[in-house]
Amino acid sequence: EPGDTLLGRRLSIESMMDLELLYWASEATGNKAYTLQASRHALFTMRCLVSDDGRILHMADFNPKTGEIQGEKTDVLANNKKYSPKGYSPSSVWALGQAWAIHGFTTAYRHESQTLFLNAAQRVAQYFIEHLPEDGIPPWDFELPPGENGQKDTSAAAVAAASLIKLARATPTESEARRYRDAAYKIIKSLNSDYFGKAGGQGIIGGGMYNEGGSRKVGATAWGDYYYIEALLLLKDRKT
């Protein structure tokens with residue numbers, strides 16, 4: 001938009017979900033430029049938003065000319081409701097963002113077979129799994145301070161379940177693949193038993209956390225339902 005100095009230097013983890021379209025475009029047209037762009041974006045996102053221990057940042061503010069991060073807690077991001085991170089804070093770990101990262105880096109590896117993308121997918125997946133509560137449904141942010149609203153987010157769980165199944169299929173080591181499958185089964189079991197059909201007629205899975213008008217709400221989400229169904233179809237395909 002005219003006068004907008006923010007969009008040109010904002011990177012968010014949700015952008016990893018757009019890679020699938022770029023890879024498809026290369027396959028459909030034979031133009032490898034789309035795959036190259038997807039690969040470059042995945043590499044840039046990995047450098048800017050993924051730490052060595054696998055935790056992700058939802059957003060980072062960077063210099064578009066140099067690609068250097070200017071800060072994860074810059075006021076222009078943190079204090080702007082339109083562009084502010086959806087986690088508890090600019091530097092905390094938004095559970096849905098962590099799930100998007102599993103899906104995105106798994107997608108990059110599936111299409112390019114580059115080990116660094118597999119390593120990134122496994123790092124972010126391991127962080128997600130290690131921080132899951134007993135029922136397999138994460139809180140909406142993994143780094144909530146004591147006393148804050150610990151509402152679970154079933155949409156993050158559904159995205160993670162589908163992504164973990166895809167990662168298990170792509171992982172060459174059976175012991176690691178089994179870990180991802182087991183985590184996905186655990187998530188789906190809880191969604192089936194505790195959240196299926198409890199969305200008040202607004203969807204399939206209740207208990208999803210989403211932002212609306214700057215406030216957090218709980219209920220059915222389109223993405224939670226979509227990836228829940230995808231996870232079930234992936235499990236069905238694996239058994240046949």
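Keep in mind that this is a model prediction, so the values were computed, not measured.
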Thinking salt bridges, do Asp194 and Lys152 make one under a 4.0 Å N-O criterion? no
Is it true that, when you exclude Gln202 itself, more than 12 heavy atoms of the residues, nucleotides or ligands shown sit nearer than 6.0 Å to its CD? no
Are side-chain heavy atoms of His131 and Glu143 found at a separation under 4.5 Å? no
Is the shortest side-chain heavy-atom distance between Arg169 and Leu234 below 4.5 Å? yes
Whether Lys186 side chain and Glu134 backbone form a donor-acceptor pair below 3.5 Å: yes
Trace of the side chain to side chain contact (heavy atoms under 4.5 Å, CB included) decision for Leu232 with Tyr228: CA-CA 6 Å; Leu232 294 180; Tyr228 170 72; 3.6 Å; yes
Pairwise distance NE2(His41) to CG(Leu19) - rounded to 0.5 angstrom: 6.0 Å
Side chain Ser12, main chain Met59, donor-acceptor under 3.5 Å: no
Checking Glu20 against Arg110 for the side chain to side chain contact (heavy atoms under 4.5 Å, CB included) test, could you report, in this order, the C-alpha distance in whole Å, the side-chain angles of both residues, the deciding distance, and whether it holds? CA-CA 10 Å; Glu20 196 78 69; Arg110 285 173 49 233; 3.6 Å; yes
4.5 Å side-chain heavy-atom contact, Leu57 and Leu11: no
Side-chain heavy-atom pair Val93, Tyr88 within 4.5 angstrom cut-off: no
Donor-acceptor check, side chain of Ser155 to backbone of Thr221, threshold 3.5 angstrom: yes or no? no
Within the structure provided, determine whether Arg178 and Ser175 are in side-chain contact (heavy-atom separation under 4.5 Å). yes
Quick one: does any side-chain atom of Asp153 pair with a main-chain N or O of Met209 as donor and acceptor, under 3.5 Å? yes
Do you know the tightest heavy-atom contact between Ser163 and Ile102? CB-CG2, 3.6 Å
Please assess Glu174 against Arg181 for the test side chain to side chain contact (heavy atoms under 4.5 Å, CB included), listing each intermediate value before the final yes or no. CA-CA 10 Å; Glu174 175 56 28; Arg181 286 197 299 270; 2.5 Å; yes
Hydrophobic cluster membership, with links at side-chain heavy-atom distances under 4.5 Å among I/L/V/M/F/W/Y: are Phe44 and Val124 in one? yes
Ring-plane angle category for Trp100 and Tyr227, please: parallel below 30°, perpendicular beyond 60°, tilted otherwise. perpendicular
Short question: side chain of Thr45, backbone of Ala42 - any donor-acceptor pair under 3.5 Å? no
Residue pair Tyr185 / Leu235, side-chain heavy-atom distance below 4.5 Å: yes
Asp225 side chain to Ile205 main-chain N or O, any donor-acceptor pair under 3.5 Å? yes
What I'd like to find out is whether the side chain of Gln98 reaches to under 4.5 Å of the side chain of Pro138, using heavy atoms alone. no
Nearest heavy-atom neighbours spanning Tyr23 and Ser39: OH-N, 4.1 Å
Is there a side chain to side chain contact (heavy atoms under 4.5 Å, CB included) between Thr107 and His111 once you walk through the steps? CA-CA 6 Å; Thr107 296; His111 286 276; 3.8 Å; yes
Thr154 side chain to Gly207 main-chain N or O, any donor-acceptor pair under 3.5 Å? yes
Same hydrophobic cluster for Ile229 and Tyr226, using side-chain heavy-atom links shorter than 4.5 Å among ILVMFWY? yes
Would you say Leu36 ends up clustered with Met46 if hydrophobic residues are merged whenever their side chains have heavy atoms under 4.5 Å apart, either directly or through other cluster members? no
Looking at Thr35 and Lys32, would you say the former's side chain and the latter's main chain have a donor-acceptor pair under 3.5 Å? no
Atom pair NE2/CE of His103 and Met16 - distance to nearest 0.5 Å: 10.5 Å
When hydrophobic residues are tied together by side-chain contacts of less than 4.5 Å, even through go-betweens, does Leu22 share a cluster with Trp24? no
Rounded distance [0.5 Å steps], CG in Leu191 versus CD1 in Ile137: 4.0 Å
Distance, nearest 0.5 Å, that separates CH2 of Trp140 from CG of Leu96: 12.0 Å
With side chains defined as the heavy atoms from C-beta onward, is the minimum distance between Glu230 and Lys166 less than 4.5 Å? yes
Looking at CG of Leu118 and OG of Ser113, how far apart are the two atoms once the value is rounded to the nearest 0.5 Å? 9.5 Å
Roughly how far apart are Tyr109 OH and Asn119 CG, rounded to 0.5 Å? 9.0 Å
Sub-3.5 Å donor-acceptor pair from the side chain of His58 to the main-chain atoms of Lys86, do we have one? yes
